[in-house]
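Values below: all heavy atoms of this structure, side chains included; hydrogens, waters and symmetry mates excluded. Atoms within each ligand, like the ligands themselves, are counted from 1 in listed order.
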Amino acid sequence: MDILKIENLSKIYGKGETAVKALDNVSFSIKKGEFVVIIGPSGSGKSTLLHMLGGVDRPTSGKVLIDNTDIYSLDETQLAIFRRRQIGLIYQFYNLIPILTVEENITLPLLLDGHKVDKEQFNQIVTVLGLEDRLQHLPNQLSGGQQQRVSIGRALISNPAIMLADEPTGNLDSKNSNEIIELLKMFNKTYNQTLIVITHDERIALQADRVIAIEDGRVAKDEVIRP
Ligand SMILES: Nc1ncnc2c1ncn2[C@@H]1O[C@H](COP(=O)(O)OP(=O)(O)O)[C@@H](O)[C@H]1O
Ligand SMILES: [Mg+2]
């Protein structure tokens, strides 16, 4: 089953002389449970692509279907709700809320939706992430690796259809990088969580089911490593 389908996706930033075509007619599908790595030189359009997949910014043209919902046919309010429930986003610099504790950061997407926290699921996630004894800490009281684990917890708490990570290990040393990738892979394999990761790290790309290379806003290569 295709959990994600993009059709003729293009994104142009700006207008006239200064316009930049960041994505140029990109199409592909991703199956539920796939672990896909996106590689490509700096400025090739990787982050733009991830933002389009994540409902963060509207494309200039083309479609994004997630679990059969055409997300850019939704209005802003509907899209914000869809994003919170169905898309787990992970960034290089964690993007945690500094005045909220670890527990509050992780459960925020549910609370914004007016949903109760499923204690059992919450406990399971924080245990796997090794954050049980850090729940009342603030982000600035944690290491980089711990902060990234919090952002993984926040991305997973609403059982999203897809998880998107933009250079999630870009700010970490190799030990913490390995731990973060092992955790993402664990959620991918154990819970069949679809995972799309942008990275410059070849060792991470080698662990994926499939590698998509982006160059000049186009798909330059799309290679299945593990069928
Ligand atoms: N908000 C923006 N406004 C204008 N140009 C942008 C914006 N975001 C990205 N770009 C341009 O689009 C191209 C692709 O950028 P990006 O998707 O960030 O590439 P990557 O993540 O592969 O480094 C680059 O030329 C970049 O300068
Ligand atoms: Mg980028």
Side-chain angles (χ1 to χ4, degrees), residues 4-30 34-66 71-72 74 76 79-80 83 87-96 144-145 147-148 150-152 154-155 160 162-174 176-178 180-181 183-185 188 194-223 225:
L4 170 77
K5 210 170 146 115
I6 65 173
E7 295 172 0
N8 307 112
L9 204 61
S10 293
K11 176 70 177 180
I12 299 169
Y13 291 110
K15 283 197 168 67
E17 300 240 315
T18 57
V20 175
K21 196 166 207 175
L23 278 185
D24 188 4
N25 209 30
V26 175
S27 302
F28 58 75
S29 299
I30 289 180
E34 248 186 317
F35 170 20
V36 179
V37 156
I38 295 176
I39 57 168
S42 179
S44 57
K46 305 181 298 298
S47 294
T48 300
L49 175 61
L50 215 74
H51 288 152
M52 303 294 120
L53 302 185
V56 177
D57 189 15
R58 286 180 186 265
T60 306
S61 58
K63 277 189 183 174
V64 175
L65 291 109
I66 296 175
I71 66 171
Y72 294 109
L74 305 175
E76 284 308 317
L79 180 58
R83 196 167 57 218
I87 295 160
L89 275 167
I90 298 167
Y91 292 102
Q92 180 173 355
F93 295 105
Y94 331 122
N95 288 18
L96 301 175
Q147 290 184 64
Q148 195 58 301
V150 176
S151 92
I152 293 173
R154 178 182 58 184
I162 56 175
M163 200 142 146
L164 304 173
D166 194 348
E167 314 219 18
T169 63
N171 195 43
L172 301 174
D173 60 29
S174 65
N176 277 296
S177 288
N178 289 339
I180 291 298
I181 290 302
L183 283 168
L184 290 174
K185 269 170 54 188
N188 167 248
T194 310
L195 175 64
I196 305 172
V197 178
I198 294 177
T199 184
H200 279 112
D201 189 336
E202 224 168 75
R203 291 167 309 166
I204 297 173
L206 289 170
Q207 302 180 54
D209 300 324
R210 175 176 167 196
V211 177
I212 297 175
I214 304 290
E215 274 172 37
D216 291 330
R218 294 166 175 264
V219 175
K221 205 160 80 178
D222 185 346
E223 205 170 7
I225 299 178

Next on the checklist: For Val20, which part has a heavy atom under 4.0 Å from ligand 1: side chain, backbone, both, or neither?
Outcome noted: side chain

Checklist entry - Would Ser42 count as a contact for the Mg ion (ligand 2), in the sense that one of its N, O or S atoms lies under 2.8 Å from it? => result no

What protein heavy atom sits nearest [atom], and how far away is it?
{"atom": "atom 22 (O) of ligand 1", "answer": "Lys46 NZ, 2.8 Å"}
{"atom": "atom 18 (O) of ligand 1", "answer": "Ser47 CB, 3.8 Å"}
{"atom": "atom 6 (C) of ligand 1", "answer": "Tyr13 CD1, 3.2 Å"}
{"atom": "atom 23 (O) of ligand 1", "answer": "Gly43 N, 2.7 Å"}
{"atom": "atom 12 (O) of ligand 1", "answer": "Ala22 CB, 3.5 Å"}

Checklist entry - Are Glu7 and Leu65 close enough, and set up right, to give a side chain to side chain contact (heavy atoms under 4.5 Å, CB included), and what steps lead you there? => result CA-CA 8 Å; Glu7 295 172 0; Leu65 291 109; 3.9 Å; yes

Checklist entry - Do Tyr13 and Thr48 get their side chains close enough for a donor-acceptor pair, meaning under 3.5 Å? => result yes

Next on the checklist: For the residue pair Asp166 / Ser47, report whether a side-chain donor-acceptor contact shorter than 3.5 Å exists.
Outcome noted: yes

Item to check | Side-chain heavy-atom pair Val36, Val197 within 4.5 angstrom cut-off | outcome: no

Item to check | Ile196 and Ile212, any side-chain heavy atoms less than 4.5 Å apart | outcome: no

Checklist entry - So which heavy atom on Ile162 is nearest to which on Leu4, and how close? => result CD1-CD1, 4.5 Å

Checklist outcome for this item: Minimal heavy-atom distance between Arg210 and Ile30, with the atoms involved, is NH1-CG1, 3.8 Å

Checklist entry - Within the structure, does at least one protein heavy atom fall under 4.0 Å of atom 26 (C) of ligand 1? => result no

Checklist entry - Is there at least one protein heavy-atom neighbour under 4.0 Å from atom 8 (N) of ligand 1? => result yes

Item to check | Ser42: numbered ligand 1 atoms lying under 4.0 Å from its heavy atoms | outcome: 23 (O)

Next on the checklist: Check whether Ser44 reaches the backbone of Gly217 with its side chain - one donor and one acceptor, N or O, closer than 3.5 Å.
Outcome noted: no

Checklist entry - Contact between Gly45 and ligand 1, counting heavy atoms under 4.0 Å? => result yes

Checklist entry - Under a heavy-atom criterion of less than 4.0 Å, does Pro41 contact ligand 1? => result yes

Next on the checklist: I want to confirm something. Looking only at heavy atoms, which of Thr48, Leu23, Thr18 is nearest to atom 16 (P) of ligand 1?
Outcome noted: Thr48

Checklist outcome for this item: Per side chain to side chain contact (heavy atoms under 4.5 Å, CB included), Val219 is matched among Ile214, Leu49, Ile38, Asn25 by Ile214

